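These notes are about the structure you will find just below.
Please read these numbers as outputs of a predicted model, since none were measured by experiment.
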Amino acid sequence: MTQLAAERISLAYDTATIVSDLDLTIEEGTITTIIGPNGCGKSTLLRALSRLMTPTSGAVMLDGQAIHDLPSREVAKRLGLLSQQAVVPDGVTVEELAHRGRYPHQAFLQPPTERDRQAVEHALDLAGMTGLRLRPVSELSGGQRQRAWIAMVLAQETPMLLLDEPTTYLDIAHQLEVMELVERLNRDEGRTIVMVLHDINEAARVSDRLVAMRDGRIVGDGTPTEVLQPELLTQLFGVACDVLPHPAPTRCAGYCVPRSQAMWGRAGERQGSTGFAISNARTGYGPTVVSDDLTLTIPGGRITALVGPNACGKSTLMRSCARLQKLGAGTIHLDGKSIASGSHKALARRLALLNQEASAPEDVLVEDLVTAGRTPHQGLLRRWTREDEEMVDWAIRQCRLEELRYRTVGSLSGGQRQRAWIAMSLVQDTPVLLLDEPTTFLDIAAQVDLLDIIWKLNREQGKTVVMVIHDINLAARYADHIVAMREGRIVAQGTPETVMTCPLLHRIFDVDADVLLHPELGTPMMVPLRSVATVPPVAVQAAATGVAAPA
């Protein structure tokens with residue numbers, strides 16, 4: 001068994017100390033999950049534990065030796081790391097990426113052995129990527145890409161796995177599958193698992209131990225039941241949380257629900273807004289068709305959530321609405337005007353898009369990234385104005401970036417970086433917001449903060465908001481209208497109460513779930529229980545969903 005411990009380590013980026021004088025011993029054969037708010041040091045700690053970062057003081061010990069005194073290849077035989085923001089060169093296929101996990105076991109210039117091929121086959125099968133093995137990673141959806149990286153880590157065949165947000169971009173079914181895989185690797189193969197997760201309910205469901213961090217220090221450490229307490233969660237995230245009884249037997253009897261500051265009421269109205277009218281649209285990438293003959297009306301002045309499994313066409317539809325992908329057929333109109341008419345700059349004054357995997361040079365300052373959102377309002381004769389400055393200041397405040405304003409993007413955590421991109425979208429000041437997975441990498445407090453902002457912009461200014469979101473409970477909580485998709489088709493649409501039902505969740509995501517009611521709002525909250533290998537046909541009443549079940 002592999003032993004791993006941090007002994008009084010401090011970690012810093014440049015002059016900014018992230019983790020201070022921290023001790024942590026990982027118990028062999030257990031699942032340990034590190035939770036906490038954005039920027040608290042979770043991912044930084046995981047990088048140090050995996051030898052990717054050198055402590056400014058203290059040491060990380062692997063099997064009794066300082067990890068930085070060991071050869072990289074030797075460490076890679078004992079520890080496998082799934083990083084949060086991994087990048088793969090264009091053209092690399094899923095199978096080739098998985099083979100890269102075998103490098104610690106290969107001699108220089110040695111061709112793959114039969115053992116290597118078996119390990120890769122097993123890893124692809126476990127990650128559910130066998131059918132996509134020949135696809136370039138760059139052509140995959142966000143969720144498929146995440147599973148490709150998981151396959152690479154599994155192919156490494158290490159006794160300990162360090163997983164930084166392994167469920168990022170995954171739909172509910174694949175989140176459950178990954179967590180069930182983690183449990184199997186631990187239970188059946190004895191592997192030690194250390195994870196960073198923002199979903200504290202999933203963390204509590206599968207973990208033996210939770211380590212709660214805030215401001216670079218451990219403020220809670222124990223079993224899920226011991227850590228998932230309202231007082232500790234409020235201290236941890238800075239937002240009041242309710243802990244409801246969990247509907248199923250798990251390691252933790254509670255289910256955490258953060259409270260909101262928003263006052264619920266009727267959706268705002270924007271004069272002249274009719275929203276999107278999508279008619280007979282064919283969407284896709286090059287010769288690959290994702291959706292065909294798609295017809296849909298997205299109401300103006302409302303918040304609409306697009307939900308569905310990975311690769312069902314949600315993000316592709318969103319990018320098509322923003323004119324980033326050309327339609328193969330059909331039309332898309334926004335407020336009665338074709339999005340294909342006029343310049344891209346003119347369209348950028350009508351709608352702002354938060355892309356799922358946006359990137360920027362690592363040395364760009366947060367302030368400069370946010371300021372770039374004002375570009376559509378600039379021109380040859382228009383100079384920077386006081387209005388521009390006020391919008392930038394407002395967006396930075398709304399996204400709680402004041403202390404990060406002059407930091408480089410490369411020095412930010414995943415959640416902090418996401419908030420910077422969101423601020424850039426808000427500063428664009430458009431009547432329409434298209435948000436593709438806006439809550440990715442965000443802790444529960446930041447998720448509520450962001451969606452409260454979006455909700456207020458809708459209610460007070462009548463902005464039309466369309467979100468692709470994998471967290472169906474956030475969709476049910478904030479959306480007026482939900483569109484559920486599967487395999488490029490619309491399966492159901494309507495209010496959260498009529499769409500988010502257990503039969504529909506079973507049908508769309510292949511999962512079983514139970515239903516709780518939100519303690520403040522009475523809206524449905526789905527608690528996923530397990531993934532389902534084979535989904536029996538489930539009739540969804542057209543009267544309840546607004547769309548007849550497809551044949």
Side-chain angles (χ1 to χ4, degrees), residues 4-6 9-14 16-24 26 31-56 58 60 67 75 79-87 142 145-146 149-150 152-153 160-170 178 182 192-200 202-203 207 209-221 236-237 357-360 362 366 400-401 403-404 407-421 437 439-447:
L4 186 65
I9 64 170
S10 294
L11 305 167
Y13 293 103
D14 299 324
T17 298
I18 307 299
V19 172
S20 302
D21 200 27
L22 182 143
D23 286 302
L24 178 65
I26 301 301
I31 301 175
T32 299
T33 302
I34 306 169
I35 63 172
N38 294 134
C40 72
K42 304 183 301 296
S43 295
T44 301
L45 174 59
L46 209 64
R47 286 173 58 83
L49 292 175
S50 65
R51 196 178 176 269
L52 290 184
M53 190 171 186
T54 303
T56 56
V60 174
I67 196 170
V75 173
L79 299 180
L81 172 68
L82 175 68
S83 188
Q84 192 180 92
Q85 295 170 336
V87 177
R145 192 173 305 185
Q146 183 74 350
W149 284 109
I150 290 172
M152 189 197 76
V153 176
M160 180 176 288
L161 293 174
L162 308 183
L163 309 176
D164 196 355
E165 295 292 348
T167 58
T168 297
Y169 298 125
L170 298 183
V178 168
V182 165
T192 302
I193 312 290
V194 185
M195 296 188 291
V196 167
L197 281 180
H198 276 127
D199 190 331
I200 58 176
E202 273 303 291
S207 303
R209 176 189 182 193
L210 296 183
V211 176
M213 291 185 64
R214 184 175 179 90
D215 299 327
R217 301 181 184 276
I218 295 174
V219 298
D221 187 351
L236 193 62
F237 294 105
E357 296 176 355
S359 61
E362 299 286 279
V366 169
R400 298 190 179 184
L401 294 168
E403 295 182 1
L404 305 174
R407 289 263 300 272
T408 61
V409 171
S411 71
L412 304 182
S413 70
Q416 291 169 333
R417 191 177 302 209
Q418 183 74 350
R419 280 155 47 201
W421 284 108
E437 290 295 343
T439 59
T440 299
F441 297 125
L442 298 185
D443 62 60
I444 59 173
Q447 289 177 4

Supply the atom-to-atom distance [X] [atom1] to [Y] [atom2], rounded to the nearest 0.5 angstrom.
X	Y	atom1	atom2	result
L197	T167	CG	OG1	5.5 Å
I18	M53	CD1	CE	7.0 Å
T44	L52	OG1	CG	11.5 Å
W149	D164	CH2	CG	13.5 Å

* For S413 and N38, test the side chains for any donor-to-acceptor distance below 3.5 angstrom and give the result as yes or no. => no
List the atom of [X], the atom of [Y], and the distance in Å for their closest heavy-atom pair.
X	Y	value
R209	V211	NE-CG2, 3.8 Å
H198	F441	CE1-O, 2.6 Å
V366	A420	CG1-CB, 4.3 Å
V75	S50	CG1-O, 4.4 Å
A203	T33	CB-CG2, 3.6 Å
P166	I150	O-CD1, 3.7 Å

Side chain to side chain, [X] and [Y], heavy atoms closer than 4.5 Å:
X	Y	answer
I31	S207	yes
I35	L236	yes
F237	Q447	no

Side chain to side chain donor-acceptor pair (under 3.5 Å) pairs touching residues 210-220, sequence neighbours excluded, are none
Between [X] and [Y], is there a donor-acceptor pair closer than 3.5 Å when you use the side chain of the first and the backbone of the second?
X	Y	answer
Q146	E165	yes
E362	S411	no
K42	M195	no
R417	V409	yes
T56	S10	yes
R51	I67	yes

Assess whether side chain to side chain contact (heavy atoms under 4.5 Å, CB included) is satisfied between I26 and L24, documenting all intermediate values.
-> CA-CA 6 Å; I26 301 301; L24 178 65; 3.9 Å; yes
query: Can you check side chain to side chain contact (heavy atoms under 4.5 Å, CB included) on M213 and V19, steps first, answer last?
result: CA-CA 10 Å; M213 291 185 64; V19 172; 4.3 Å; yes
Hits for side-chain contact (heavy atoms from CB on, under 4.5 Å) against R400, two or more places apart or cross-chain, chain-then-number order -> E402, R419, D449
Step-by-step side chain to side chain contact (heavy atoms under 4.5 Å, CB included) determination, V182 to L163 | CA-CA 10 Å; V182 165; L163 309 176; 3.9 Å; yes
Result for side-chain contact (heavy atoms from CB on, under 4.5 Å) between L45 and one of I218, I9, V194, V60 points to I9
